[in-house]
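To keep things clear, I will list the structure first and then write my remarks on it.
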Amino acid sequence: MKKISIYILAAALLSGSGCKDYLEEDTTGLLYGNNVLATQDGLESALTGAYKGLATQWGRGFIHPSANAATLGSDDVTTHPASNKADWREFDQFNPSTTNQRSNAVYNGCYKAIQGSNNVINNFEKTVGDKASIDIIVGEAYFIRAFSYYWLTRFYGNIPLVLAGEYSADLLEIGKSTPEQVYELIVADLKIAETNLPNAKRAPGRPNKGSAKAFLADVYLTMAGWPLKQTDKYDLAAAKAKEVIDNRALYGFQLLPTFAAVFENDPASTGTAEAVFQINGFTSGDSGNSTYGLTTMPGEEGGWDDMFAELNFFNQFPAGPRKDATFRTEFGLSGTKIPWQNSLTKHPYYKKWYIKGDVSNYQASLPSVMMRYAHVLTIYAEAKARGTGGPDAAAYDALNQVRLRGLPAGTKPLAATDGLSAAQFADAVVQERAWEFACERTRWFDLIRLEKVEEANANKSPDDLQPIKPITKANYWFPLPYSDTSLNPNLN
């Protein structure tokens, strides 16, 4: 059976049971009957379907390592040169196929989330219930739709822009929209989410007003770079990030005192205050988070060797508590340990994705954190540097908060008196973000918007996987899934 795609999505929107033998599909959140969403419970159910698209183990979304695999074109993560890692290697070598299950899982999950969000957005006005509660549900739906389209257009560029929550034949002939058109919707959705959402999250796995502002800041920063290059957005990014920073206590965000505390990865915890937005995983049904544990552990520890550190990135990583908490450099589950240089892959691994206690498992009740407060600090610092007036004292402070937490005690803060130009300061922020968010799916997008993918991959260690052909801008986006393009020539 085919998994959900834009066309299976269209079929899924048909009410009745006729599609059930056609789909391998979770029906949570689908619109059945004209009156279902007239109730607040029905509206909440549709929203649940949207979240389900982002959090289905292995199949869809972000609680498995598919999104990590799809960002292997960056310079911080690589994979096994052999074994069963063909889907992973395609990204690291800039040759992803239209049938690659890693990017397709993100694609399918995001469109599933969009379908659930559209059901809410297109029907909430007829819902009877508590207005304040309905406004929050609607705000979350707009946030999830914006979040999903943000991932889709960054991965695929020109994509189908689906606004329907119900089936129409037009969906089977839909064309592609440009990134500029998609970003217009993303910004509009996040502005509504920003208005509707409360200051406090309803639950750890839901967004609040600060989450919407933070993602809007990140979207503006991205719009200022490739492919849109709308450099006026740097000032908007800085202003929006500053709103989050100035109101961090109101939104419940904070930079944790130590980097190690961010990645304690205790399954008994619901997350940390550094999470601006996270997607929860639970070890029940198909909700276990498989980004943790075996996928990032070496074979010496029973792991799958899916992803580990690139050598030059590791060797150049500044020493200090952040490096110690980021990498695993000795392996073995018994008392005997071997250094990474003597391991089967001869690479360090990422400690960030180990389950507390080094549990060798393929799932955990842990969240996939999609943005941390540290990211907001770096958005402000970089955007302020690239925008009007260059970096101010607040930009230096934002960068130093992230930088000094990761470096040895006594490290000198960066200061305006160091003589960095605005461009040099911005470059320092981008490099700091690379260290801070190593193997967290952010480096790839920085390289794309700054048009540095080619440069980053020209400096790989000869002992890492190499691109199989010269990299061009065409490699910045992945091909749309064959399951869609084979059925609709408008998507070719």
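Below, each value reflects all heavy atoms present in this structure, side chains not excepted, and no hydrogens, waters or symmetry copies. For the single chain, residues carry numbers from 1 onward in sequence order.
Rounding to the nearest 0.5 Å places CD of Gln431 at 12.5 Å from OG1 of Thr378. Separating the OG atom in Ser360 from the CE atom in Met297 is a distance of 4.5 Å, to the nearest 0.5 Å. For the atom pair Asn84 CG and Trp304 CH2, the distance stands at 9.5 Å (nearest 0.5 Å). Atom CE of Met307 and atom CG of Leu72 lie 9.0 Å apart (nearest 0.5 Å). To the nearest 0.5 Å, atom OG of residue Ser211 and atom CG of residue Leu190 are 10.5 Å apart. The OG1 atom of Thr98 lies 7.5 Å from the OH atom of Tyr482; values are rounded to the nearest 0.5 Å.
Residues Ser148 and Leu54 meet the side-chain proximity criterion, which asks for heavy atoms closer than 4.5 Å. With contacts defined as side-chain heavy-atom distances shorter than 4.5 Å, the pair Trp88/Asp306 qualifies. Considering only heavy atoms from C-beta on, Leu152 comes within 4.5 Å of Ile114 through its side chain.
Between Asp305 and Lys85 there is no salt bridge, since no side-chain nitrogen of the basic residue lies less than 4.0 Å from a carboxylate oxygen of the acidic one. Between Asp75 and Lys460 there is no salt bridge, since no side-chain N of the basic residue sits under 4.0 Å from a carboxylate O of the acidic one. Note on Asp286 versus Lys52: salt bridge recorded, some NZ/NE/NH1/NH2 to OD/OE distance being below 4.0 Å. Ion pairing of Lys356 with Asp266 is present here, as a side-chain N (NZ or NE/NH1/NH2) and a carboxylate O approach within less than 4.0 Å. Of the charged side-chain nitrogens involved, none lies within less than 4.0 Å of a carboxylate oxygen, so that Asp358 and Lys351 do not count as a salt-bridged pair. The pair Glu382-Arg449 meets the salt-bridge criterion, with a side-chain N (NZ, NE, NH1 or NH2) lying under 4.0 Å from an Asp/Glu carboxylate O. A salt bridge links Lys240 with Glu243; the closest basic N to acidic carboxylate O contact falls under 4.0 Å. At a threshold of 4.0 Å, the pair Glu194-Lys209 does not count as salt-bridged, since none of the basic side-chain nitrogens sits closer than that to a carboxylate oxygen. In this structure, Lys242 pairs ionically with Asp246, as a charged nitrogen and a carboxylate oxygen lie closer than 4.0 Å. Taking a cutoff of 4.0 Å between a charged side-chain nitrogen and a carboxylate oxygen, Glu274 and Arg405 qualify as a salt bridge. One finds a salt bridge joining Arg322 and Glu432 here, because a Lys/Arg side-chain nitrogen approaches an Asp/Glu carboxylate oxygen to under 4.0 Å.
There is a side-chain donor-acceptor pair under 3.5 Å between Gln363 and Gln57. Under 3.5 Å, the side chains of Glu90 and Ser97 contain a donor-acceptor pair of N or O atoms. When only modelled atom types and interatomic distance are considered, Tyr349 and Glu330 share no side-chain donor-acceptor pair under 3.5 Å. Side-chain atoms of Glu455 and Asn459 form no donor-acceptor pair, as typed in the model, at a separation below 3.5 Å. Residues Tyr150 and Thr222 have side chains that bring a donor and an acceptor to within less than 3.5 angstrom of each other.
For Gln466, the CD atom counts as densely surrounded, since its 6.0 Å shell holds more than 12 non-hydrogen atoms of other residues, nucleotides or ligands.
Side chain of Arg102 to main chain of Ala67: no donor-acceptor pair is present (N/O by atom type, distance under 3.5 Å, no hydrogens or angles). Without hydrogens or angle criteria, Asp92 side chain to Gly73 main chain gives no donor-acceptor distance under 3.5 Å. Of the possible donor and acceptor atoms, none in the side chain of Asn289 sits under 3.5 Å from a partner among the backbone N and O of Phe282. In this structure, the side chain of Trp353 engages the main chain of Cys439 through a donor-acceptor pair within 3.5 Å. The backbone N or O of Thr472 lies less than 3.5 Å from a partner atom in the side chain of Asn475, making a donor-acceptor pair. Thr56 places no side-chain N or O within 3.5 Å of a backbone atom of Arg60 that could act as its donor or acceptor partner. Side-chain atoms of Gln181 come within 3.5 Å of backbone N or O of Thr178 as a donor-acceptor pair. The closest donor-acceptor contact from the side chain of Gln230 to the backbone of Glu180 lies at 3.5 Å or more, if one exists at all. Of the possible polar contacts, none joining the Asn457 side chain to the Ile471 backbone as a donor-acceptor pair under 3.5 Å is found. Although no hydrogens or angles enter the test, the distance criterion places no donor-acceptor pair under 3.5 Å between the side chain of Ser287 and the main chain of Gly281.
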> Run the side chain to side chain contact (heavy atoms under 4.5 Å, CB included) check on Phe425 and Asp418 step by step: do they pass?
Replying inline: CA-CA 10 Å; Phe425 179 85; Asp418 292 331; over 6 Å; no

>> For Trp435 and Phe313: C-alpha separation, side-chain torsions, deciding distance, then whether side chain to side chain contact (heavy atoms under 4.5 Å, CB included) applies.
In response: CA-CA 9 Å; Trp435 306 137; Phe313 185 85; 3.7 Å; yes

>> Is there a salt bridge (charged side-chain N to carboxylate O under 4.0 Å, His left out) between Glu310 and Arg443? Walk through the geometry before answering.
In response: CA-CA 13 Å; Glu310 291 207 3; Arg443 177 64 169 164; over 6 Å; no

>> Using side chain to side chain donor-acceptor pair (under 3.5 Å), reason through Tyr380 and Asp392 one step at a time and then give a plain yes or no.
In response: CA-CA 10 Å; Tyr380 177 75; Asp392 58 4; 2.9 Å; yes

>> Quick one, Thr291 with Asn68, criterion side chain to side chain contact (heavy atoms under 4.5 Å, CB included). Give me CA distance, side-chain angles, the key distance, then yes/no.
In response: CA-CA 8 Å; Thr291 315; Asn68 296 68; 3.7 Å; yes

> Under the side chain to side chain contact (heavy atoms under 4.5 Å, CB included) criterion, do Tyr354 and Val359 qualify, and how do the steps go?
Replying inline: CA-CA 7 Å; Tyr354 272 67; Val359 176; over 6 Å; no

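Using a 30° and 60° split on the angle between ring planes, Tyr107 and Tyr156 fall in the perpendicular class, above 60°. Taking the six-membered ring for Trp and thresholds of 30 and 60 degrees, Phe277 and Phe143 have ring planes more than 60 degrees apart, a perpendicular arrangement. Tyr111 and Tyr149 have perpendicular rings, their planes meeting at more than 60° on a 0 to 90° scale where under 30° would count as parallel. Under the 30°/60° scheme for interplanar angles, the aromatic rings of Phe478 and Trp444 are found to lie parallel. In this pair, Tyr476 and Trp226 present their aromatic rings perpendicular. The plane angle is above 60°, beyond the 30 to 60° band.
Nearest heavy atom pair, residue Gly53 against residue Lys112, reads CA-CG, 3.4 Å. Considering all non-hydrogen atoms of both residues, Ala50 and Ile144 come closest at CB-CG2, 4.1 Å. Counting all heavy atoms, side chain and backbone alike, Leu221 lies closest to Ala383 at CD1-CB, 4.1 Å. Scanning all heavy atoms of the two residues, the minimum distance from Ser461 to Asn312 falls at N-ND2, 3.2 Å. The shortest heavy-atom contact between Ala105 and Ser66 is CB-OG, 3.8 Å. Pairing each heavy atom of Phe327 with each of Ala309, the nearest pair is CE2-CB, 3.6 Å.
Geometric assessment of Lys323 against the ring of Phe314 yields a positive cation-pi assignment under the 6.0 Å and 45° thresholds. For the pair Arg328 and Tyr350, the NZ or CZ position fails the cation-pi test of under 6.0 Å to the six-membered ring centre and within 45 degrees of the ring normal.
Checking Asp464, Thr78, Asp463 one by one against His347, the side-chain hydrogen bond (donor to acceptor under 3.5 Å, both in side chains) holds for a single residue, Asp464.
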